[in-house]
Participant: 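Quick one: the structure is below, and I'll ask about it shortly.
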Protein chains: 2
Amino acid sequence: MDKSPYEILFEPVKIGPKTTKNRFYQVPHCNGMGHRWPKSMAEMRKIKAEGGWGVVCTEECEIHASSDLSSGALMRLWDDSDIPTHARMVENVQSHDALAGIQLVHNGYSTSNRFSRIPPIAPSARSARYDDPLQARAMDKQDIKNLRQWHRQAAQRAITAGYDIIYVYAGHNLTLLMHFLSSRYNQRTDEYGGSLKNRTRLIKEILEETKEIADDKAAVAFRFAVDEGMGKGGISACEEGRDVVEMLADLPDLWDVNISDWSNDSLTSRFGAEGHQETYIDFVKKVTNKPVVGVGRFTSPDTMVSQIRRGVLDLIGAARPSIADPFLPHKIKQDRMDEIRECIGCNICTSGDMLSVPIRCTQNPTMGEEWRKGWHPEDIEPAGSDDNFLIVGGGPAGLECALALAKRGYDVVVAEKNDVTGGRLVREATLPGFAEWRRVIDHRTYMLSQKANVNIYLNSELGAQDIMDYGFSHVVVATGSQWRTDGVGRKNHFPIEISDVALFSPEQIMDGILPSGPVVIFDDDHYYLASALAELLHDKGVEVTFVTPSDKVASWTENTLEQHMIQAGLLKRGIRIICNHSIAAVKQGKFILKNTYTGMEEVIEGRGFIPVTSRLSNDGLYQTLMIGQDELEGSGIKSVTLIGDSFMPSTIAAAVYHGHLFARQVDNPKDLWTEFKRENI
Amino acid sequence: MDKSPYEILFEPVKIGPKTTKNRFYQVPHCNGMGHRWPKSMAEMRKIKAEGGWGVVCTEECEIHASSDLSSGALMRLWDDSDIPTHARMVENVQSHDALAGIQLVHNGYSTSNRFSRIPPIAPSARSARYDDPLQARAMDKQDIKNLRQWHRQAAQRAITAGYDIIYVYAGHNLTLLMHFLSSRYNQRTDEYGGSLKNRTRLIKEILEETKEIADDKAAVAFRFAVDEGMGKGGISACEEGRDVVEMLADLPDLWDVNISDWSNDSLTSRFGAEGHQETYIDFVKKVTNKPVVGVGRFTSPDTMVSQIRRGVLDLIGAARPSIADPFLPHKIKQDRMDEIRECIGCNICTSGDMLSVPIRCTQNPTMGEEWRKGWHPEDIEPAGSDDNFLIVGGGPAGLECALALAKRGYDVVVAEKNDVTGGRLVREATLPGFAEWRRVIDHRTYMLSQKANVNIYLNSELGAQDIMDYGFSHVVVATGSQWRTDGVGRKNHFPIEISDVALFSPEQIMDGILPSGPVVIFDDDHYYLASALAELLHDKGVEVTFVTPSDKVASWTENTLEQHMIQAGLLKRGIRIICNHSIAAVKQGKFILKNTYTGMEEVIEGRGFIPVTSRLSNDGLYQTLMIGQDELEGSGIKSVTLIGDSFMPSTIAAAVYHGHLFARQVDNPKDLWTEFKRENI
């Protein structure tokens, strides 16, 4: 390490009474496991510590039943019965010489307390955040005293559990302390409202009291959103955001700074690049003497070093990069930078929290499976036999399968019919904003290139007979899927009439075909593709109408924090959006739309039609092989398995997971899919 | 009971090898507790059995991890580790001489398997039901064999747990067996597709196999949706629905018949009346010799008797009526019909399942609290002192509080300023479709009229001085809330400019004021009121424009299964709906709308304005009393407590709960809100 330009990243940093061994800091992040899957959560955090992160934090942790995010699966410290879960997490993290941090939170009016049934609280009376039919009541003086007491009690429990760092949290437009700070939410006329000093009072009190409880047994961090990205109506880095940092400058032991809300902080690669928060948060280090941590989806060691050298940050914060590669710090330390599985910024990880189920990751198929399946992101069981493998198809599923098999020591051949590997990503990564998604392919292609036991053959389309002639022990078919062009999807059960119109598949558009007339895109898929095609075509000058049976554009992207940005993007371009309608038929240049509520029909016109509805598995090769099953056995082939989109069209994350799953369990007699541990009540 | 006209309801009925003691049958219903809160679930079911239901069933129970409704809190029988939860439920139900039933289910493409990550299955390949970016794959022969095996294994586990009735379930457009039956979903060309006989094959096989496993140790019920209410495209009672019953006539031991989907089956009182399913299901008994159970939100004993006498049903099925009053059968048996807490058909109960949190009920504040708080719907702790109570306000919170206190034996006076009790319901029950909601008031008013220790004074508006002069031990202020008319709600943090327009509060409209011109209703509340006002005014000839920042009308009513009906109702009336816009100002007859995605402004015109945004607590009396706290103590008043909407505006269910909560815990030193047991992992 002596001469490494990255040595600076491995310097210890003092955080109050504690010292982190290096600058790699896993900031608090949700994971959909929390109190609901506590062993799964604790094991996932342990792997991060093992991978070299100097600090590993929890997600947000509710300090009281009046901050009840049910059915969300966050952490809790409602009472002492929650301590054992935390103690397990702490022990796991500290066992690898990392510091364990906990983010205490009261979410105020952002919780509807659906389980506890406690009336939510807020600085001033108002509607609850979500559409639950209830309001939050204005806190009186006793409520403020109670809140401070709850926070002290939670801090005490955190100390009991053994945490090294305790957070006070005013960020993401989600927490009661941020609501006190904000003049939108705080309309109080007492000493907690009015001037910024008054609005900061509660934060100051709670910081002081947390330090008192911590009593040098733990550091106290303050996570603070310096900017809301909304100009005048909100907190901004050039006004109140900066003023708060100046007021509290050296009170916390650590500043963890970011921008609000969560979708701005965890911006996808479609909407922002590595380090995008720098211009907002770079003033903080100039104002405080305490260490500063910030995030920016950092995966490049050079960028990290630059952040430190230029005095932007003291600690390289990461949530998503630590999910995609828990061993990122170790890989830098060991000069294995090329092996880093870089986050692609797709935010499939946030969907776990949004849907209250365990986190997953496109790049890291072991994420969320550490305890449940006993999977490790770097280690894998050695080969159980001398079998060899033919993988047909070099897309995400095929490449991940090849890589995991190769790591196990199996001999693997990948046959790819095209002149490049990548499968669907060859096309999709060309969409505007999707370039980073190529990392799924690039990482695997590089890793495979380092393996002596793998051969990838391009331009190699195989037939069933070829496969039988080769006689590999196992054949894995990973031949992907293709978009239907007959309108069948969630709304249409049967192919619709499509005539007198120029019909294009999504693949054709991605391949560069430019329709000449006004086109209608029919999105019954509800993920990213239809909106990306609409942007692409519009920006090339094609008039686009976007029709969807949903009440919004790209509805599922709410789970990746993108939906409002996607719909705003289409609206700002002037793309016509027709929600709540399916397309029942296209004939003579007329599109027959059907209202999803009433069934009433409406007609619009257009010359081109691009249905983005559902996909067909490319399972022809597999089916042919299956027909000749007897012959297969004769040729020495022990198994033929369909994986990824050719088994079931889904996300890239699901394809990678399936490829990995197969490779892990190919020589394990247990059921491929159902072999996992549960955490029952 | 000898001469009771209701004796017929208490006749035993043979169900296969089992006999139920009476005709009261709690059909399977979700409750948001399931495997996530198993003790809570089991105690709730126990109370039903105690209340006299002859049969008490579970909610749907997933037979395999490939039917994973996570994060939903349903029941599971994925493996043997789930059996103890079921055994507890069975023991609880049988301890009160009731039969315990279990509804086994595989949900096929209706599950996205967000936890198990198993690719969903369906008769034919298709998109998954919800907007998750994945598809369901077509089942091959091995998959069908597997499914049958999973069902057999689950049935065996159900026998081990001790169930008396095991369900095969093809209903609600949710289950794989119904998808096999439906020509929309089943496009197979093998012996499981094509003719109705083929499409019914799997159901028949599974029924036969379940009977084989049950082996006279349990009865086998078939829950079947005879009609989908969609005419030609679906199963209908006059065609395929009837054909299926004829084909399988005497195969199951019991027919549990209803209509699909869930929102049609569990129709709210806004959209349907008691017994609304009769015309669909009345053919069934003519076709089969086996007993038939059906539902219809039955709360009237006479209607129940009529169903039996007229040969419509053998068993009176109930989900919601058994939630609103678990002791309904006992009350009929004991000739206490007037004491039945009749379901109001609001479907606040379904919101528990929809949001994956424990069930609640507007009429029955103990629902979901049986284990957690140890609450019983009929029994309550005797008074802990000779204290007396003054309750100011005779709305839902005040009346429930009075009733619970009176049951405990306390002396209670209710002072109501109006000439009738009812609070907000006096107005709201006059809205079109809301008449049954009056039952909240009528039940409590009747029950209170039977109590010697309660006096209700109408036309009695009290001031702070009056209250201090009376000197009750405890004063409960339940003075409700009123709608704001300044536009403040979720979107507007501050009052908006409103000038040159006729401004109406929702209360004024409910009081009968009829605006003269085109009116704009601004719904930033998202529950039922704004849409009900729109209907009311439109039907009286007023032109209405409905503006909401949400992407749909009455978004929260998705949780009460009404949203699509409400929006369709407005559309069919021709009411103009503008989604995704807030109202930023109203001046000179112009409404300045602001797009929630882009912030772009748009202008519409109107003469009247009805904001339905948020409410202000009527806490003036309470605040005045609090200012004179010293004087209070001198007057012998030990406590003054604000409850219901005057504490925090919310649902009627929340107001009733708060009134009940106060009454339960007034002499208990523990914290009012946080005293509950938890079910941690």
Side-chain angles (χ1 to χ4, degrees), chain A residues 35-38 65-66 70-71 73 81-82 114-119 125-127 131-137 184-185 355-358 489-490 493 524-527 550-552 555-556 564 567-568 571-572 579 595 597-598 614-615 617 647-651 654 657 673-674 678-681, chain B residues 35-38 65-66 70-71 73 81-82 114-119 125-127 131-137 184-185 355-358 489-490 493 524-527 550-552 555-556 564 567-568 571-572 579 595 597-598 614-615 617 647-651 654 657 673-674 678-681:
Chain A
H35 76 274
R36 174 65 191 83
W37 287 281
S66 60
S70 299
S71 64
S81 74
D82 293 302
R114 291 170 183 162
F115 170 67
S116 73
R117 305 182 72 170
I118 300 177
R126 54 161 298 125
S127 304
D131 63 359
D132 298 74
L134 83 171
Q135 299 190 193
R137 62 190 184 78
R184 294 200 302 288
Y185 302 107
L355 297 168
S356 305
V357 289
R490 289 176 170 82
H493 298 282
D524 199 11
D525 171 53
H526 311 299
Y527 197 17
S550 175
D551 46 42
K552 54 176 81 71
S555 57
W556 200 80
H564 61 295
Q567 187 149 349
L571 286 168
K572 284 177 182 166
C579 289
N595 188 298
Y597 286 107
T598 62
S614 64
R615 286 178 279 161
S617 294
F647 183 64
M648 179 202 66
S650 182
T651 56
Y657 174 76
W673 293 102
T674 56
R678 296 169 59 191
E679 299 191 57
N680 291 348
I681 303 285
Chain B
H35 75 275
R36 175 64 191 83
W37 286 279
S66 60
S70 297
S71 63
S81 74
D82 293 302
R114 292 170 181 162
F115 171 67
S116 73
R117 304 181 74 171
I118 300 177
R126 53 161 300 127
S127 303
D131 63 1
D132 298 73
L134 84 171
Q135 298 189 195
R137 62 190 183 79
R184 294 200 301 289
Y185 302 107
L355 297 167
S356 305
V357 289
R490 288 176 169 84
H493 298 283
D524 199 11
D525 172 52
H526 311 298
Y527 197 18
S550 175
D551 45 42
K552 55 176 81 71
S555 57
W556 200 79
H564 61 294
Q567 186 148 349
L571 286 168
K572 284 177 180 166
C579 289
N595 188 298
Y597 286 106
T598 61
S614 63
R615 288 178 277 161
S617 294
F647 183 63
M648 178 202 67
S650 182
T651 56
Y657 174 75
W673 293 103
T674 56
R678 295 168 60 191
E679 299 192 56
N680 291 349
I681 303 283

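Side chains included, hydrogens not; waters and symmetry mates left out as well; all remaining heavy atoms used. None of the values given here were measured: they were computed from a predicted structure.
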Participant: Would you mind checking which part of Ala654(A) comes under 4.5 Å of any heavy atom in chain B, side chain (CB onward), backbone (N, CA, C, O), both or neither?
Facilitator: neither
Participant: Is Pro119(B) in contact with chain A via its backbone, its side chain, both, or neither, using a 4.5 Å heavy-atom distance?
Facilitator: both
Participant: Please look at Arg678(B) and chain A and tell me whether the side chain, the backbone, both or neither of the residue comes under 4.5 angstrom of a heavy atom of that chain.
Facilitator: side chain
Participant: What part of Tyr527(B) lies closer than 4.5 angstrom to a heavy atom of chain A: side chain, backbone, both or neither?
Facilitator: side chain
Participant: Counting only non-hydrogen atoms closer than 4.5 Å, does Arg126(A) touch chain B with its backbone (N, CA, C, O), its side chain (CB onward), both, or neither?
Facilitator: side chain
Participant: Do you know which of Asp551(A), Val357(A), Leu134(A) has the most heavy-atom pairs under 4.5 Å to chain B?
Facilitator: Asp551(A)
Participant: Quick one: of Arg184(B), His35(B), Arg490(B), who has the most non-hydrogen atom pairs under 4.5 Å with chain A?
Facilitator: Arg490(B)
Participant: Could you look at Asp132(B) and say if it's the side chain, the backbone, both or neither that has a heavy atom under 4.5 Å from chain A?
Facilitator: both
Participant: Between Lys552(A) and Asp131(B), does at least one N-O distance fall below 4.0 Å, as a salt bridge requires?
Facilitator: no
Participant: Side chain from CB out, backbone as N, CA, C, O: work out which of these in Pro38(A) comes under 4.5 Å of a heavy atom of chain B, or both, or neither.
Facilitator: side chain
Participant: Considering only heavy atoms, which portion of Asn680(B) lies under 4.5 Å from any heavy atom of chain A: side chain, backbone, both, or neither?
Facilitator: both
Participant: Contact between Ser614(B) and Gln135(A) at the side-chain level, heavy atoms closer than 4.5 Å - yes or no?
Facilitator: yes
Participant: Chain B: which of Phe115(A), Tyr597(A), Phe647(A) shares the most heavy-atom pairs with it under 4.5 Å?
Facilitator: Tyr597(A)
Participant: Under a 4.5 Å heavy-atom cutoff, which of Ser116(A), Ser66(A), Ala73(A), Pro358(A) has the most pairs with chain B?
Facilitator: Ser116(A)
Participant: Specify which of Ala125(B), Cys579(B), Ser555(B) makes the most heavy-atom pairs with chain A at under 4.5 Å.
Facilitator: Ser555(B)
Participant: Which one wins on heavy-atom pair count under 4.5 Å against chain A: His564(B), His526(B), Met648(B)?
Facilitator: Met648(B)
Participant: Pick from Arg615(A), Glu679(A), Arg117(A), Arg36(A): which one has the most heavy-atom pairs with chain B under 4.5 Å?
Facilitator: Arg117(A)
Participant: Restricting to non-hydrogen atoms, name the atom on Ser356(B) and the atom on Ser71(A) that form the minimum distance, rounded to 0.1 Å.
Facilitator: O-CB, 3.4 Å
